[in-house]
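Just so you know, ligand 1 is whichever comes first in the structure, and atom 1 is the first atom listed for that ligand. Numbering of residues begins at 1 and proceeds along the displayed sequence. Remember, predicted model here, so these are calculated numbers, not experimental data.
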Amino acid sequence: MHPSLIIISYLLIIPMTKMCEMKLLGSAGSAFVTRVKFVLQLKSIEYVYIEEDLCNKSELLLTSNPVFQRVPVLFHSNGQPMTESLAIMEYLDELKPDVHPLLPSDPSDRVQCRVLAYTFDTLCYPWMKEFMLTREKERREELKQMLVQGSVMLEEAFVKFSKGKTFFGGDDIGYLDIVVGGFLGWIKFYEVVFNFKVIEEARNPRLAEWEKSMWSHEVARSVIPSHEIHMKFLNMLIGRLPPLPVSASDAA
Ligand SMILES: N[C@@H](CCC(=O)N[C@@H](CS)C(=O)NCC(=O)O)C(=O)O
Ligand SMILES: *[C@@H]1O[C@H](CO)[C@@H](O)[C@H](O)[C@H]1NC(C)=O
């Protein structure tokens, strides 16, 4: 091809591909963002990643998610913002149903998956977050016990969903593998930093096997953030906590 033709085709192709690209607004340590990255990669969807500073939120975040002001936000190639990791996962599954389908095809099985995801997010996630951020030792012990109960619930769910196979989704990674798997980096972090195993072989034998299978999955390993990133994220959260009240004895 003549050099000038090559240049012209680049000028045409580059803006076109850029136009079709999705953008993901995220924060590197967020398990909810990890979920979305996980699905994008499994489905081989190209996207541009934009890192958000949760201590100094951008106009883009404030205008695209004005109610909750949190990540992830996925922008459709036409600019339309989408929020809530579970809703985004379902959107991507509908957008590319033929590449690595996530939800089972049976409607009642799909409901079961969504209900477990909802339960995990409204029950287990707040415990996990408070566990890290509480300044009270007793409360942390209490939360540990709640998380242990949560892990037993997840173990039962795993047995039910996996039907003797490797993943929640069966032979391959599915919706629930990503919903829970988004948190595997944090689960490992708790083990290192707080010496607490959310998933333990003796208590959760099948889930412990699942955890190993997940860590040996190429896409999981590439999207789950490092220990350093989790540490940075935790420090960011701690930095935003209100200062401890000064007690009378301190002030005296
Ligand atoms: N339910 C939401 C949760 C998202 C969420 O909690 N994101 C956190 C980061 S892990 C966030 O952006 N928080 C905003 C803030 O802390 O100010 C989802 O599934 O996307
Ligand atoms: C906050 O973000 C704005 C732009 O988004 C930047 O100009 C400003 O310097 C940032 N402030 C801090 C304290 O990082």
Check ligand 1 for close polar pairs with the protein: N or O on both sides, less than 3.5 Å.
{"unit_1": "ligand 1", "atom_1": "1 (N)", "unit_2": "Glu84", "atom_2": "OE1", "d": "2.7"}
{"unit_1": "ligand 1", "atom_1": "7 (N)", "unit_2": "Val71", "atom_2": "O", "d": "2.8"}
{"unit_1": "ligand 1", "atom_1": "12 (O)", "unit_2": "Val71", "atom_2": "N", "d": "2.8"}
{"unit_1": "ligand 1", "atom_1": "16 (O)", "unit_2": "Arg240", "atom_2": "NH1", "d": "3.3"}
{"unit_1": "ligand 1", "atom_1": "16 (O)", "unit_2": "Arg240", "atom_2": "NH2", "d": "2.7"}
{"unit_1": "ligand 1", "atom_1": "17 (O)", "unit_2": "Lys57", "atom_2": "NZ", "d": "2.6"}
{"unit_1": "ligand 1", "atom_1": "17 (O)", "unit_2": "Arg240", "atom_2": "NH1", "d": "2.9"}
{"unit_1": "ligand 1", "atom_1": "19 (O)", "unit_2": "Ser85", "atom_2": "N", "d": "3.3"}
{"unit_1": "ligand 1", "atom_1": "19 (O)", "unit_2": "Ser85", "atom_2": "OG", "d": "2.6"}
{"unit_1": "ligand 1", "atom_1": "20 (O)", "unit_2": "Ser85", "atom_2": "N", "d": "2.9"}

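Separation of the Trp210 and Phe167 ring centroids does not fall under the 6.0 Å cut-off.
Distance check on atom 11 (N) of ligand 2: some protein heavy atom falls below the 4.0 Å cut-off. Less than 4.0 angstrom separates atom 14 (O) of ligand 2 from at least one non-hydrogen atom of the protein.
Atom OH of Tyr118 has 12 or fewer neighbouring heavy atoms from other residues, nucleotides or ligands inside a 6.0 Å radius.
Here the side chain of Ser216 pairs a donor or acceptor atom with the backbone of Ser213 at under 3.5 angstrom. Formation of a donor-acceptor pair under 3.5 Å by the Glu51 side chain with backbone atoms of Ala28 is found in this model.
Relative to the ring axis of Phe32, Arg70 does not place its NZ or CZ within 45° and under 6.0 Å from the centre.
The distance criterion of under 3.5 Å between nitrogen or oxygen atoms is met by Asn56 with respect to ligand 2.
Listed by chain and residue number, Ile199, Glu201 satisfy the side chain to side chain contact (heavy atoms under 4.5 Å, CB included) test with Ala208 (two or more places apart in sequence, or in another chain).
Salt bridge annotation for Glu191-Lys188: absent, with no cationic side-chain nitrogen under 4.0 angstrom from a carboxylate oxygen.
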